[in-house]
**Student:** 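Before I ask anything, here is the structure I am working with.
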Amino acid sequence: MKNQIRTAGVATALCALALPALAQDAAPDTTPPMADIGYIFTTFMFLVAGFLVFWMAAGFTMLEAGLVRQKNTTMQLMKNVALFSFAAVLYYLVGYNLMYPGDGNWIVEGWIGAFSLAALEPVGLADTATDLTYASVGSDFFFQLMFCATTASIVSGTLAERIKLWPFLFFVIVLTGVIYPIQASWKWGGGYLDAQLGFLDFAGSTVVHSVGGWAALAGALILGPRLGKYKDGRVHPMPGANLPLATLGTFILWLGWFGFNGGSQLYMDTAGNVADISRIFANTNTAAAGGAITALILTQLLYGKPDLTMVLNGALAGLVSITAEPLMPTLGSATLIGAVGGAIVVFAVPFLDRLRIDDVVGAIPVHLFCGIWGTLAVLATNPDATVTGQVLSIVIVGAFVFVCSAALWLALRAVTGIRVSEEDEITGLDVAELGMESYPEFSKG
Amino acid sequence: MKNQIRTAGVATALCALALPALAQDAAPDTTPPMADIGYIFTTFMFLVAGFLVFWMAAGFTMLEAGLVRQKNTTMQLMKNVALFSFAAVLYYLVGYNLMYPGDGNWIVEGWIGAFSLAALEPVGLADTATDLTYASVGSDFFFQLMFCATTASIVSGTLAERIKLWPFLFFVIVLTGVIYPIQASWKWGGGYLDAQLGFLDFAGSTVVHSVGGWAALAGALILGPRLGKYKDGRVHPMPGANLPLATLGTFILWLGWFGFNGGSQLYMDTAGNVADISRIFANTNTAAAGGAITALILTQLLYGKPDLTMVLNGALAGLVSITAEPLMPTLGSATLIGAVGGAIVVFAVPFLDRLRIDDVVGAIPVHLFCGIWGTLAVLATNPDATVTGQVLSIVIVGAFVFVCSAALWLALRAVTGIRVSEEDEITGLDVAELGMESYPEFSKG
Amino acid sequence: MKNQIRTAGVATALCALALPALAQDAAPDTTPPMADIGYIFTTFMFLVAGFLVFWMAAGFTMLEAGLVRQKNTTMQLMKNVALFSFAAVLYYLVGYNLMYPGDGNWIVEGWIGAFSLAALEPVGLADTATDLTYASVGSDFFFQLMFCATTASIVSGTLAERIKLWPFLFFVIVLTGVIYPIQASWKWGGGYLDAQLGFLDFAGSTVVHSVGGWAALAGALILGPRLGKYKDGRVHPMPGANLPLATLGTFILWLGWFGFNGGSQLYMDTAGNVADISRIFANTNTAAAGGAITALILTQLLYGKPDLTMVLNGALAGLVSITAEPLMPTLGSATLIGAVGGAIVVFAVPFLDRLRIDDVVGAIPVHLFCGIWGTLAVLATNPDATVTGQVLSIVIVGAFVFVCSAALWLALRAVTGIRVSEEDEITGLDVAELGMESYPEFSKG
Amino acid sequence: MKLIIATIKPFKLEEVRRALTAVGVRGMMVTEIKGFGSQSGHTEIYRGAEYAVNFVPKIKLEIVVPDTMADQVTDTIATAARTAKIGDGKIFVLDVAAALRVRTGETDDDAL
Amino acid sequence: MKLIIATIKPFKLEEVRRALTAVGVRGMMVTEIKGFGSQSGHTEIYRGAEYAVNFVPKIKLEIVVPDTMADQVTDTIATAARTAKIGDGKIFVLDVAAALRVRTGETDDDAL
Amino acid sequence: MKLIIATIKPFKLEEVRRALTAVGVRGMMVTEIKGFGSQSGHTEIYRGAEYAVNFVPKIKLEIVVPDTMADQVTDTIATAARTAKIGDGKIFVLDVAAALRVRTGETDDDAL
Ligand SMILES: Nc1ncnc2c1ncn2[C@@H]1O[C@H](COP(=O)(O)OP(=O)(O)O)[C@@H](O)[C@H]1O
Ligand SMILES: Nc1ncnc2c1ncn2[C@@H]1O[C@H](COP(=O)(O)OP(=O)(O)O)[C@@H](O)[C@H]1O
Ligand SMILES: Nc1ncnc2c1ncn2[C@@H]1O[C@H](COP(=O)(O)OP(=O)(O)O)[C@@H](O)[C@H]1O
């Protein structure tokens with residue numbers, strides 16, 4: 001910390017080596033060289049956006065912990081902390097370079113990136129001729145990692161209350177280390193979806209959200225519904241145990257989404273870029289509001305009483321829907337895009353139930369259906385988008401992720417089993433698998 | 001996301017059109033033009049401050065959800081998510097231009113702004129000669145919107161546990177679409193309170209907090225106290241059901257307030273401005289601490305036991321009190337201003353009870369009384385403040401908001417009714433109005 | 001707020017006085033002078049990092065509120081709100097200048113700083129020739145204050161469920177006003193640990209975390225374990241009452257730590273510095289992940305079931321471990337350093353129990369043991385570190401803090417008593433000391 | 001002695017307690033329960049699916065009184081708990097063979 | 001009249017309730033309890049320390065029925081609650097001296 | 001058989017359970033209740049307003065034992081639960097007409 005002598009000394013020395021450009025003459029002057037300024041802006045923007053997206057991990061955790069039954073709450077917390085941790089390490093070990101091989105390092109150009117550990121710049125950018133036109137690798141890695149972790153968080157919600165801990169974590173390891181990065185490289189790594197198909201997905205309605213959704217859908221189909229969810233031809237709701245937590249989680253996600261979408265502008269080095277980030281913040285917010293209001297009004301009309309869990313899903317639906325193109329729409333279109341997302345959720349939740357696909361927190365409607373909707377909505381707001389580019393990419397990414405995920409789930413089911421025993425499911429995973437209750441106290445005394 | 005080719009291309013192209021000034025010669029150089037830098041700083045500051053103020057919506061939600069009884073918790077969550085969403089849309093549809101008509105667009109100069117949809121700058125500032133001396137419209141809109149929503153959040157706390165959902169939301173729509181923006185234009189839009197009276201209210205002790213407080217007071221008077229709160233000449237406390245949530249909410253608000261007050265500096269383009277923002281952060285923090293400590297000590301002295309809910313209110317009281325002038329005071333005066341706020345709350349809460357005004361979360365003492373106190377305290381710390389300017393503005397704003405709100409509440413009462421039936425109030429709004437309990441589980445099994 | 005005329009006027013006027021350098025010619029131009037830019041960057045970085053560290057106060061509160069038994073929850077909330085508030089005021093009254101006396105103001109050079117109130121720069125930097133090579137005093141004060149408060153938060157967790165409120169707060173006052181600042185001046189104020197011993201502690205594994213840990217250890221020894229914790233030669237676990245809160249608290253701390261470590265870079269005025277901050281963010285994150293995964297795997301192996309509370313402690317252990325040197329390690333070493341921290345916690349928690357040292361939340365393993373480990377780990381990653389410098393400093397700081405704390409605890413025990421009565425402890429502090437339950441409702445009706 | 005078991009609406013608890021105190025009842029046990037009876041049977045909707053809520057929150061009182069007081073206590077509860085709406089609750093009376101106050105060792109009527 | 005006290009596994013509640021409704025039971029009181037019995041006795045580990053969990057979550061039903069229905073109700077519960085695994089629970093039957101419906105003042109069998 | 005209903009201080013639960021196990025009690029039902037009795041009656045202050053807290057947390061035990069064990073069980077509870085301070089609680093004994101173990105169908109004393 002405040003130890004100006006050492007730190008400043010090191011920093012200045014290192015910079016002097018690395019950045020001869022535009023040096024100021026006054027000796028102790030720390031005015032940044034002109035060339036550094038854009039780099040500092042963009043890098044710092046990534047760090048701020050990155051910590052906001054990190055915060056979404058807490059949001060998913062609280063949302064899911066609030067929407068499961070009490071007897072599975074500790075497990076849901078455990079899964080979320082663990083999945084984020086594994087995602088962080090796997091993205092370092094494999095994911096980052098698989099997703100961003102850079103020019104000429106692809107194993108199969110445009111299709112499969114590079115296998116190597118992620119490496120940051122040297123301290124103080126020493127002895128490197130850093131490209132100052134973008135941002136630091138460290139900030140980019142930090143930011144991108146959070147997107148990867150988000151994908152895994154989506155899966156945990158759908159499969160809650162019945163999946164075993166370790167097979168789930170094994171799936172997360174493969175998802176975050178391999179499946180996510182490979183398909184993400186096709187678009188964001190500059191691969192063939194980007195180069196050949198002109199696919200547009202600004203912040204990842206498809207690349208992140210629908211990917212999580214497809215993996216979740218494959219899991220839900222193979223894992224089957226919770227015991228008693230569909231019995232005697234009827235749906236038996238299993239209300240979430242703690243709605244304040246679910247609401248908190250939604251607000252956290254809403255907040256984190258400003259980083260998710262805003263940071264995806266990737267540059268904050270000009271007035272134009274920062275003005276665009278502002279547009280994105282405003283559009284992201286209004287899309288969430290549109291989704292929430294729509295779900296509120298629709299559940300009031302359809303069921304006579306507004307449903308808080310649907311309103312929360314509606315806000316998230318709005319956020320996912322605007323994610324493929326948060327920049328181009330006007331405030332009005334952004335609100336409408338979000339509103340359609342909110343409507344999708346209200347109809348998709350009971351629709352999935354009719355198909356007996358048991359999605360505990362509504363992740364498939366929110367992330368998969370609205371992810372698709374958001375990706376298609378780009379056609380309406382961004383003239384560069386093409387029907388082929390959007391539709392084909394949705395299909396290709398969907399097929400790839402669904403097939404890989406299904407294969408992996410089936411393999412896991414065959415080898416270790418993925419579902420807890422009936423008895424354990426009835427007892428609850430907290431006691432059965434962890435021996436730890438979320439609210440263990442019986443008596444207040 | 002990381003799709004450097006496209007995004008950078010677009011951004012640079014657009015900027016090139018818009019910003020010929022100070023271009024660098026190297027082709028792929030993204031060093032920002034000198035003229036952009038202040039704009040980037042201020043805009044980004046608004047975005048950061050804005051997401052902090054957004055976060056206050058979660059703070060109000062948690063605080064209120066913790067201070068109502070369990071049987072009304074889902075409803076309180078619902079109201080807060082919904083009110084924020086409506087505020088977001090209404091501020092776009094009406095509020096923003098009503099509040100900031102800009103020069104020459106007033107309907108009645110200095111009194112009533114313009115009716116039109118808010119519009120952001122074009123993407124990448126294309127084809128506009130943007131004024132680079134301030135910040136992007138998008139960031140300003142985003143930031144200001146959050147203030148508007150705050151006003152509505154204040155109301156929901158006071159009226160909790162007995163008001164019907166839809167009339168409440170209708171009130172919110174009018175408050176955030178019309179009442180708040182009109183009075184805010186008088187000061188922050190450059191209207192007559194600003195121009196003629198020299199009213200000083202840096203971040204809104206009056207313009208935001210007391211406005212919410214007046215609207216809440218009008219509502220509380222017309223709605224009446226909760227059943228059983230004042231019976232047989234005595235006050236019957238109805239303890240909040242979840243103090244950890246209330247404490248979390250307070251911390252969230254405290255955090256958000258750095259954005260609320262700090263962002264209100266409006267510029268971060270010079271050393272002087274950023275140093276001022278720093279002052280504001282430090283003063284805001286110490287005022288909250290002063291308020292909390294005062295409430296702690298006072299409740300210990302008065303009642304023999306410190307009261308956590310008063311300490312939480314005390315911290316918020318400190319925050320509201322410093323909001324009218326967080327810049328000029330020294331750390332010492334800021335602490336004292338906050339401390340007086342904490343004392344006000346400790347005495348005002350039972351005082352309101354004596355008047356049989358039932359304010360569930362203490363929003364009137366915190367936001368109205370301390371809002372007034374904070375506005376008066378400017379006289380002590382800012383030499384530019386005048387007694388007339390401050391007092392008259394408090395009165396004018398108060399009268400306007402109280403009268404409009406009261407009229408609206410009365411109209412709503414006459415037309416739709418605003419209060420749930422006695423039976424529903426006894427049952428709790430969660431079951432009666434929403435059919436959804438916040439903690440629905442009976443048995444752990 | 002948006003009152004451009006006044007604010008801009010004042011700001012520009014003041015700046016004009018203060019900052020003649022590099023003025024732009026266009027009249028209403030607000031482009032920052034070149035010399036201001038680095039100062040703005042670093043100052044804003046401190047504000048952002050500072051609010052993140054502030055947020056850690058909420059993290060400690062939630063973590064501790066989740067890990068105590070329900071009957072002591074309100075008290076734990078109260079202690080945390082109060083300790084932060086007192087720390088804020090004490091650091092202003094005494095701590096800041098004691099810690100950072102600046103050149104020539106020491107009472108005893110290198111050993112004891114200055115006694116005086118903290119003072120911020122004048123508004124708008126008016127009439128001062130501010131040194132623009134660092135950051136505003138306000139931002140520095142704001143940032144440093146949060147570190148001081150962190151130290152106190154650590155203590156509250158260990159001593160929970162049995163210590164009296166006011167003696168605890170008295171201890172906090174001395175800790176944050178005197179003990180912490182004095183020892184911190186030795187390193188960060190440029191005192192003898194820094195100047196003579198070449199001690200390296202980037203963000204405070206020793207200066208903050210182990211200091212909190214030593215104070216907690218002294219308290220735990222003198223206060224004794226909770227009634228019934230160690231009975232009949234066995235350990236009787238007292239499970240935390242609310243694991244979602246504990247998990248939320250951990251995520252909050254994880255988020256705040258980006259500010260804690262990142263901000264400790266102290267400069268964001270060059271590409272090198274911002275790239276370093278990025279490294280720190282990435283390393284901090286991966287160390288936490290490493291700690292969590294290690295605790296997950298170890299508890300699975302040792303006990304057959306993973307222990308969520310250990311995984312949460314493991315993440316924090318990773319964070320504390322990387323804090324002494326978050327910059328130099330590669331992602332790989334950072335992960336390993338964190339992983340060792342995670343392992344330490346898994347073994348240290350039962351080890352303390354064997355010594356009958358009752359640490360309610362595991363703060364001693366996390367903050368003291370991993371604080372020491374992290375400080376030693378610097379030897380492996382920073383060539384400038386010396387064995388003498390690191391070991392001697394750990395010992396000196398430890399001895400000083402432990403002795404001072406123990407003396408203070410003993411004095412408090414003699415004068416006022418520090419422990420609640422047996423009966424009050426059985427009843428729970430919430431009812432006995434505060435008369436307020438955290439979840440007061442009995443019936444839902 | 002008699003054990004009087006009464007199930008009442010939760011919001012009536014305070015009123016019933018006061019009424020009982022007034023007639024000399026000096027102790028009772030109060031339990032939060034779910035009641036099933038004619039009152040129940042509404043359906044709710046959660047995420048688009050209907051389900052029946054069969055149980056309503058109730059409070060159960062258990063009071064042991066000397067035989068002589070039993071009728072008065074029953075009447076007192078019945079009066080205080082009545083709203084004349086469905087779900088007001090029931091009162092059951094059982095015989096108690098013995099009673100003991102732990103603190104003093106007093107037995108039967110003296111223990112109450 | 002008889003008071004039938006049954007302790008069952010929580011997940012059996014709905015099944016038992018339905019079975020009871022089918023045989024004409026029109027009311028009951030349901031309480032969340034902890035059971036101690038042969039089922040209990042596993043040890044858990046919390047932060048490295050073992051401890052015994054002696055209590056398991058159970059549901060307690062209390063149903064007052066006319067004497068004539070007692071056996072049928074007992075049988076019905078026994079059938080519906082049985083899993084044949086340890087911890088299925090017990091049923092106890094006690095005599096009830098009097099019953100009263102608060103709403104109407106009906107007594108004894110009419111009150112049920 | 002007898003149903004022994006005991007209300008004790010919550011922190012005594014474990015001690016009482018151990019003592020009961022030692023004398024051969026193999027099952028019981030435990031409920032969290034609020035007690036009203038001589039112990040109660042302090043006033044609290046919430047946000048400046050006083051109010052009476054009339055109920056204190058208690059644990060209720062319900063144990064069915066063969067007639068022959070009733071006295072011993074009562075004594076055991078009384079001894080283990082005693083602190084000699086107000087609020088130690090009461091023990092009530094009621095007759096049980098029948099008992100059934102759901103799992104096996106065993107009845108009466110065999111069911112316990
Ligand atoms: N046969 C019964 N045995 C035990 N408790 C009963 C019985 N019938 C009703 N109750 C209890 O009395 C409560 C009220 O009964 P209900 O039939 O709903 O209304 P009412 O008292 O107006 O007839 C129920 O919620 C339940 O707790
Ligand atoms: N003697 C008893 N008195 C009261 N309740 C009992 C008694 N024995 C058992 N129970 C209750 O019955 C439940 C099941 O009993 P347990 O002995 O575990 O299994 P089983 O019913 O298969 O014999 C216990 O959890 C407890 O609630
Ligand atoms: N008449 C009663 N009927 C049922 N329960 C009673 C009765 N009197 C007391 N109790 C229970 O016993 C508990 C202790 O009684 P109390 O009068 O406070 O103290 P003590 O047991 O020392 O006389 C009460 O909290 C209540 O739960």
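Excluded from the calculations below are hydrogen atoms, water molecules and symmetry mates; all remaining heavy atoms, backbone and side chain alike, are included. Reminder, nothing fancy here: chain letters follow the sequence lines and each chain counts from 1.
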**Student:** Would the number of heavy atoms belonging to other residues, nucleotides or ligands and lying under 6.0 Å from CZ of A:Phe351 be above 12?
**Tutor:**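 Count not over threshold, so no.
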**Student:** Treating D:Tyr46 as the side-chain partner and A:Gly240 as the backbone partner, does any N or O pair qualify as donor plus acceptor under 3.5 Å?
**Tutor:**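 Yes.
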**Student:** Would you say D:Arg18 has more than 12 foreign heavy atoms packed within less than 6.0 Å of its CZ?
**Tutor:**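 More than 12 within 6.0 Å, yes.
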**Student:** Could you tell me whether A:Lys305 and D:Glu44 make a salt bridge, using a distance below 4.0 angstrom between a side-chain N and a carboxylate O?
**Tutor:**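 Judged by the 4.0 Å cut-off on N to carboxylate O distance, A:Lys305 and D:Glu44 do form a salt bridge.
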**Student:** Output the option from A:Val346, A:Asn313, A:Val345 having the highest count of non-hydrogen pairs under 4.5 Å with chain D.
**Tutor:**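 The candidate making the most pairs under 4.5 Å is A:Asn313.
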**Student:** Indicate the atoms forming the closest heavy-atom contact of A:Pro237 with D:Ala49, along with that distance.
**Tutor:**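 So the minimum-distance heavy-atom pair works out to CG-O, 3.6 Å.
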**Student:** Do you know the tightest heavy-atom contact between D:Gly48 and A:Tyr303?
**Tutor:**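 Result for this residue pair: CA-OH, 3.3 Å.
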**Student:** Between A:Arg234 and D:Glu50, is there a donor-acceptor pair closer than 3.5 Å when you use the side chain of the first and the backbone of the second?
**Tutor:**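 Yes: the side chain of A:Arg234 pairs with the backbone of D:Glu50.
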**Student:** Can you check whether D:Arg47's main-chain N or O pairs, donor with acceptor, with A:Asp307's side chain at less than 3.5 Å?
**Tutor:**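 Confirmed, A:Asp307 side chain pairs with D:Arg47 backbone.
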